[in-house]
Amino acid sequence: MEPFSCDLLLKGALCAYLAGVCASLLAARRERLAAVAGFGCAALAGICGIGAAIWALLQGAATPVPTFDLWPSVLPVLKLSLRLDALSAFFLLIVSSLAVALSVYSVGYARAFYGRKNVGVLAAFYNALLLTTTLVFLAANAFFFLLVWELMALSAFFLVSFEHEKPEARKAGVLYFVMSHLGTGCLILAFLLLFQCAGQASGDFGPDSYSFSLFHALGDKMTPGRRDAAFLLFLAGFGVKSGLVPLHIWLPEAHPIAPSNASALLSGVLIKTGIYGLTRVLFDFLGTPPNWWGVTVLSLGTISAVLGVLYALMEHDLKRLLAYHSIENIGIILMGLGASLMFLHTHHEVLAALALAAGLYHTMNHALFKALLFLGAGAVLHATHTRDMEKLGGLIKRMPQTAACFLIGAVAISALPPLNGFVSEWLTYQALLQGFGTTSSLFRLMFPLSGAMLALTGALAAACFVKAFGITFLAQPRSQQAAEAREASPSMIAGMGLLVAACVFLGLFPTTFLRLLDPVTEQLAGIELSPMLSLANGLVLGSSSQPLGGTISTLGIAFAALCLITVPLGLRLWFGRRARTRIGPTWDCGLQGLTPAMEYTATGFSKPIRMIFKALFRPRREVQREYDFSPYFATTLRFESHVEEVFETRIYRPLNRLVLRISRRLRALQAGSLQAYLIYIFITLLLLLLFAL
Amino acid sequence: MSLDLAGILVQTALLLLVAPLVTGCIKNWKAKLQNRRGPRVWQPYSDLAKFLAKSMVISEHASWVFRSAPYVVFLSALVAGLMVPMVSAQAPLSLFGGVLAVVGLLALGRFFLALAGLDPGSAFGGMGSSREMTIAAIAEPAMMLAIFTVAISAGSTNLSQIVQASQAPAWRLLNPIHAMALAALFIVLLAETGRIPIGNPATHLELTMIHEAMLLEYSGRYLALMEWGASIKQLVLMTLLVNVFFPVSLAANASAPALALGFAAYAVKLLALAGAVVVVETTNAKLRLFRVPDLLTAAFVLAALALLSTFLFQ
């Protein structure tokens with residue numbers, strides 16, 4: 001096919017999103033039509049996007065990169081130029097695949113808002129967020145990038161505060177807005193540094209020096225000080241967006257409060273824009289990295305992973321739990337990227353490509369299973385009107401399909417074979433393991449230690465999802481709402497089903513998917529990974545870059561298990577001919593039957609972890625008992641348990657107080673007298689003139 | 001790259017048949033050491049046959065998760081076992097995955113076991129699940145670090161290659177790296193199989209039980225699969241330990257004398273390790289639940305020291 005058709009698909013996708021915005025606003029009076037039109041357009045756009053992305057990835061890095069201007073220069077400074085190189089195409093694939101699945105789900109999910117909220121507005125902002133995110137991935141100059149970056153933040157803000165009649169939604173929205181702008185501030189400064197250097201290099205400070213193609217490997221031409229400053233600013237700016245610890249505090253507030261399809265979009269795609277930005281900047285713009293960049297990214301990733309999952313374990317709000325897991329998974333992705341930077345520093349390109357592929361693979365995986373889990377949580381919320389796990393339970397009987405989808409997502413995110421989470425973590429482990437031999441400095445100890453922390457993260461995530469699935473879906477319902485829950489609508493199930501299929505596919509056929517990553521690793525690390533892996537009929541994924549390495553075949557494992565199932569089935573036929581199965585009550589120690597109040601709770605489930613890590617959590621609990629005559633027979637009991645959010649109480653609150661104190665002092669300047677203001681202007685002007693001389 | 005079908009069948013049979021025997025030996029020897037007569041070493045086989053033939057009672061609150069968990073636990077342990085070299089240095093399914101896959105498969109079994117504990121809605125099951133997942137979570141980093149240490153020495157996560165690398169002439173039994181990694185993995189083994197001082201497999205008392213608490217609602221065929229799966233898991237971990245750290249006389253080829261020697265050596269090593277477990281179980285008291293992290297942290301520190309020695313000595 002011609003590159004022309006790829007452009008056409010891309011433009012089709014962008015136009016469809018735009019049409020989705022317009023159509024859903026126009027049809028806002030008729031809810032059903034608005035939902036179908038808005039989400040239908042988004043699904044269509046997603047399909048176009050997938051087509052364009054796969055086409056670009058299959059072409060490989062050798063063909064010329066499709067580049068085009070969206071609008072022949074509206075303003076002389078602002079060029080709306082788009083570029084679909086391998087990295088952009090990969091992220092376009094992520095956003096487009098989610099757009100399809102989420103839109104299918106949303107058609108049914110929007111019913112929850114009929115007559116209560118304006119579905120047209122929801123669909124419009126949903127489309128707007130998808131459109132701007134797509135443009136962020138495609139933007140080819142810094143000016144345009146920052147513009148759509150801000151538009152994206154705005155659309156996300158409106159989705160977060162969609163249910164603005166709730167005070168916590170307004171609060172979360174504002175927190176998100178403030179944090180997001182702090183991040184953008186850092187980004188503007190960092191891009192200005194790059195712009196200045198690009199301008200100096202080409203001797204032209206025109207609008208073209210914002211172009212990303214000029215920024216390529218620019219870091220090698222910068223002074224080390226400026227380069228490091230740019231690195232730190234980019235890390236902070238993109239770190240805020242991706243929820244990197246300690247810049248994560250907005251994420252567990254903002255993601256759960258949005259409507260669930262939007263939560264899935266925020267956690268699945270929006271935070272990946274931070275990953276995209278970091279990858280673009282670190283691997284494309286800033287040149288050969290010094291060692292400490294990789295070390296910083298790897299350590300921050302490790303810390304984010306462990307802290308994210310630990311805080312997730314303490315949650316019994318289903319959607320907040322998932323939001324904390326996003327922080328964990330961003331950490332895992334950054335472990336891959338950080339290791340890759342360290343390998344680039346020591347010029348181990350093969351390993352750099354492996355680690356990068358591990359990080360990007362996990363980016364795709366996280367988008368899929370986190371969206372799946374948020375959709376499952378959304379279905380539960382839809383059916384029971386609560387996110388509090390302590391009020392749920394027994395839903396597997398009433399919502400069997402939702403439960404099955406959620407279970408697949410839980411197995412995938414816990415990095416258990418044979419699903420996709422396992423594959424990407426396996427790649428990360430391999431990269432970390434091989435990393436030990438790349439250097440003889442003390443830094444090489446970081447690789448296995450990060451690997452051990454990754455193991456801790458994985459095991460804690462498994463514990464967390466045993467809790468999340470077990471308490472929400474298994475045993476007896478703990479409240480009336482849970483007992484009366486009804487299965488989600490077919491479109492919601494279909495949306496989740498698409499994601500389940502994707503998780504299973506990426507789990508069982510990793511080599512097929514890794515081929516799509518080849519152009520990306522070639523673009524950024526100079527190596528195609530697939531030829532390095534020993535491919536036995538697409539069965540075995542082995543990282544035998546050195547003669548030794550490791551092999552894995554999830555498909556083989558699944559096949560072996562399938563064959564071996566004959567053993568228990570054969571035993572059943574042989575021994576169990578006369579065995580009968582009877583349904584009976586659960587053993588209740590001779591009481592008058594079990595009640596839901598006797599079940600284990602989510603808080604109880606995570607208590608051992610809370611006790612073991614009490615230095616971090618600083619758990620506080622209050623118990624109030626009232627009794628009539630004997631302390632053994634309490635009539636009422638009130639129990640409260642809290643954990644401290646260390647970053648909020650130790651960093652952000654003091655910082656907040658400091659800012660407020662300073663601004664109180666500065667208030668004296670703004671006295672309201674016009675003469676004083678004129679003097680300020682005059683003094684500023686004078687200073688600027690002096691500075692200009 | 002051909003898959004050795006005979007090898008797979010033989011190793012499957014070995015895993016299925018040897019696992020209950022090891023459990024029986026440990027029970028019997030422990031009783032002997034405590035001046036009791038104890039059950040025969042063959043008792044677990046009779047138990048399994050009895051459970052398999054019995055009718056089942058399933059809780060009315062349980063779902064399909066409860067019914068599928070025994071299969072997942074049993075099969076995951078079995079497939080993991082096929083990736084570990086037992087008698088021959090070449091594990092039959094080593095192409096499908098190495099030590100990371102073994103750890104992952106055992107974790108998959110644990111995940112479903114813990115869910116099955118929560119499913120019938122009994123507080124015992126929930127408590128067992130909670131404790132099992134907690135202990136596994138803190139044992140995992142120590143285990144992975146110890147594994148990393150040997151894998152780094154071998155340059156691979158493939159168990160056959162790890163075993164072959166430690167058979168090489170450079171191999172020394174009292175290498176500090178190996179000794180410390182071995183100690184760490186031994187503690188992890190005790191934790192993962194729920195033995196004293198971490199759990200107590202011999203009791204159904206709710207204060208001490210972890211594994212049994214989750215199985216409380218199981219009966220008949222499912223209980224047999226769960227118990228069998230647990231002993232296969234124990235065998236897999238023990239095999240991992242003995243063959244990675246003492247890869248003496250593993251059969252290098254499929255000739256009969258080599259295999260016979262390999263099997264004999266394997267039996268001796270396995271029984272020696274079982275003896276060590278028995279001694280530890282008899283001479284120690286069970287730790288309070290919240291003291292268990294201290295022990296596992298010690299394992300983690302040992303593994304970290306092993307790693308540090310790799311850095312110093314290699």
Side-chain angles (χ1 to χ4, degrees), chain A residues 396-397 411 414 416-417 422 426 429-430 433 436 444-445 448 451-453 455-456 458-460 462-463 466 469-470 474-476 536 540 546 548-553 556-557 560-561 564-565 568 571-572 575-576 579-587 594 598-600 604-605 608-609 611-612, chain B residues 1 49 52-61 63 65 71 74-75 78-79 82 93 95-98 100-101 104-105 107-108 111 114-115 118-123 126-127 129-131 133-134 136-137 140-141 144-145 148 151-152 155-158 161 216-217 220-221 225 290 293 307 311:
Chain A
I396 194 168
K397 299 269 175 55
V411 171
S414 309
L416 297 173
F422 174 74
W426 186 86
Y429 276 126
Q430 287 297 333
L433 191 72
F436 192 79
R444 68 175 174 166
L445 286 180
M453 288 302 113
L456 177 67
L460 286 173
V466 166
F469 184 80
L474 301 180
Q476 297 186 61
V540 177
Q546 279 78 19
L548 304 171
T551 53
I552 188 78
S553 165
I557 290 174
L564 286 171
I565 205 165
L571 286 170
R572 176 181 180 176
F575 284 97
R580 296 285 169 268
T581 305
R582 202 152 55 76
I583 304 294
T586 300
W587 166 237
L594 284 180
M598 298 174 191
E599 286 167 13
Y600 230 55
F605 191 91
I609 306 266
M611 297 297 286
I612 290 169
Chain B
M1 282 246 211
L52 280 170
K54 280 212 165 205
S55 294
M56 293 191 286
V57 184
I58 289 182
S59 161
E60 60 199 350
H61 305 304
S63 64
V65 172
Y71 291 98
F74 184 78
L75 290 175
L78 205 55
V79 176
L82 291 177
L93 285 193
L95 196 63
F96 284 0
L100 296 174
L105 280 167
L108 178 71
F111 187 86
L115 284 182
L118 282 166
D119 204 10
S122 130
M127 186 170 59
S129 308
S130 160
R131 292 180 176 179
M133 295 314 285
T134 306
E140 195 100 333
M144 207 50 106
L145 204 55
F148 261 31
I152 281 171
S156 170
T157 54
N158 188 319
Q161 270 160 4
L216 214 53
E217 287 302 316
R221 189 171 71 240
L225 285 183
F290 288 108
L307 187 73
F311 177 68

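Note: hydrogens, waters and symmetry copies are ignored here, and every other heavy atom, side chains too, is used. A, B, ... follow the sequence lines: proteins, then strands. Residue 1 opens every chain. Bear in mind the structure is a predicted one, so any value in this text is a computation, not a measurement.
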Nearest 0.5 Å, what's the CG-CD1 distance between Leu115(B) and Ile396(A)?
9.0 Å
Using a cut-off of under 4.5 Å for heavy-atom pairs, which of Arg572(A), Lys397(A), Met453(A), Glu599(A) has the most such pairs with chain B?
Arg572(A)
List the atom of Tyr71(B), the atom of Arg221(B), and the distance in Å for their closest heavy-atom pair.
OH-NE, 4.1 Å
Specify which of Phe111(B), Phe290(B), Phe148(B) makes the most heavy-atom pairs with chain A at under 4.5 Å.
Phe111(B)
Identify which part of Ala136(B) has an atom lying under 4.5 Å from any heavy atom of chain A, answering side chain, backbone, both or neither.
backbone
Whatever's closer than 4.5 Å to a heavy atom in chain B on Leu594(A) counts as side chain
Locate the shortest heavy-atom distance separating Gly121(B) from Ala475(A); write the atom from each residue and the value.
CA-CB, 3.5 Å
Min side-chain heavy-atom separation Phe436(A)-Pro448(A) under 4.5 Å
yes
Between Gly584(A), Ala560(A), Ala561(A), which residue shows the highest count of heavy-atom pairs closer than 4.5 Å to chain B?
Gly584(A)
Ile152(B) side chain near Leu307(B) side chain, heavy-atom distance below 4.5 Å:
yes
At a 4.5 Å cut-off on heavy atoms, which part of Leu456(A) comes close to chain B: side chain, backbone, both, or neither?
both
Is chain A contacted by the side chain of Leu108(B), its backbone, both, or neither, given a heavy-atom distance below 4.5 Å?
both
Relative to chain B, which of Val466(A), Thr581(A), Ile583(A) shows the most heavy atom pairs under 4.5 Å?
Val466(A)
Glu140(B): side-chain hydrogen bond (donor to acceptor under 3.5 Å, both in side chains) partners, not counting sequence neighbours:
none
Quick one: which of Ala151(B), Gly220(B), Ser129(B) has the most heavy-atom pairs under 4.5 Å with chain A, could you say?
Ser129(B)
OH of Tyr600(A) to CE of Met127(B): how many Å apart, nearest 0.5 Å?
6.0 Å
Looking at Thr134(B), Leu82(B), Asp119(B), which has the largest count of heavy-atom pairs under 4.5 Å with chain A?
Asp119(B)
If one checks every heavy atom of Pro120(B) against chain A at 4.5 Å, the contacting part turns out to be both
Show your working on side-chain contact (heavy atoms from CB on, under 4.5 Å) between Ile552(A) and Thr157(B) and close with a plain yes or no.
CA-CA 10 Å; Ile552(A) 188 78; Thr157(B) 54; over 6 Å; no
Of all of Phe575(A), Phe469(A), Phe422(A), which one pairs up most often with chain B through heavy atoms under 4.5 Å apart?
Phe575(A)
Side chain, backbone, both or neither: which part of Leu75(B) has an atom under 4.5 Å from a heavy atom of chain A?
side chain
Leading residue by heavy atom contact count with chain B [cutoff under 4.5 Å; candidates Pro417(A), Gly458(A), Gly604(A)]
Pro417(A)
Using a cut-off of under 4.5 Å on heavy-atom pairs, state which of Val57(B), Val79(B), Leu100(B), Leu145(B) scores highest against chain A.
Leu100(B)
Can you give me the closest heavy-atom contact between Pro141(B) and Ala455(A), atom names plus distance?
CA-CB, 4.2 Å
With sequence neighbours left out, the residues meeting side-chain hydrogen bond (donor to acceptor under 3.5 Å, both in side chains) with Thr586(A) are Ser59(B)
Side chain, backbone, both or neither: which part of Phe605(A) has a heavy atom under 4.5 Å from chain B?
both
